[in-house]
Amino acid sequence: PGITAEEQERELCLPVLEWSDFALETLKVSEDGKAYIYRLQNMAPGPRVLELWQRGEEIYQTDLSEKPLKKLHRSVTVPAYGILNLRVER
């Protein structure tokens, strides 16, 4: 079943509060169609904390396999110039 434009817009909100030092490199639907995949890079010369905002969805750290690896809760520390792949369940 299709989703309305309003539902899609609501679902595509990036689930973070503060990410000014991060660049969003990729946003896509996962290969299994059950989640959104976000690829973020810390552009700062030092580690940064990415604050997560959850509205009931599960957020996991993932890799190129797109499988959920580590459940994330309120925040995650990303090393200088590091890349973080997030899987946000739909």
Can you tell me how far the OG atom of Ser30 sits from the CZ atom of Arg90, to the nearest 0.5 Å?
7.5 Å

Run the side-chain contact (heavy atoms from CB on, under 4.5 Å) test against Ala80 and tell me which residues pass, sequence neighbours left out.
none

Measure the spacing between OH of Tyr81 and CE of Met43 and express it to the nearest 0.5 Å.
8.0 Å

Side chain proximity check, Leu50 to Leu72, heavy atoms < 4.5 angstrom:
no

Find out whether Ile37 and Arg87 are in side-chain contact, i.e. whether some heavy atom of one side chain is under 4.5 Å from a heavy atom of the other.
yes

Hydrophobic clusters here meaning ILVMFWY residues chained together by side-chain heavy-atom distances under 4.5 Å, can you tell me if Leu27 and Val78 are in one?
yes

Is the backbone N or O of Glu31 less than 3.5 Å from a side-chain atom of Glu66, with the two atoms forming a donor-acceptor pair by type?
yes

Short question: side chain of Asn42, backbone of Gly46 - any donor-acceptor pair under 3.5 Å?
yes

Should Leu84 and Val76 count as side-chain neighbours, where that means a heavy-atom distance under 4.5 Å?
yes

For Lys28, is the NZ atom crowded, meaning more than 12 foreign heavy atoms sit under 6.0 Å from it?
yes

Quick one: pull up NZ in Lys71 and CD in Glu89 and give me the separation to the nearest 0.5 Å.
10.0 Å

Residue list, side-chain contact (heavy atoms from CB on, under 4.5 Å) with Ile83, at least two apart or on another chain
Glu25, Arg39, Gln41, Asn85

In this structure, would Leu69 and Leu52 fall into the same cluster of hydrophobic residues linked by side-chain contacts under 4.5 Å?
no

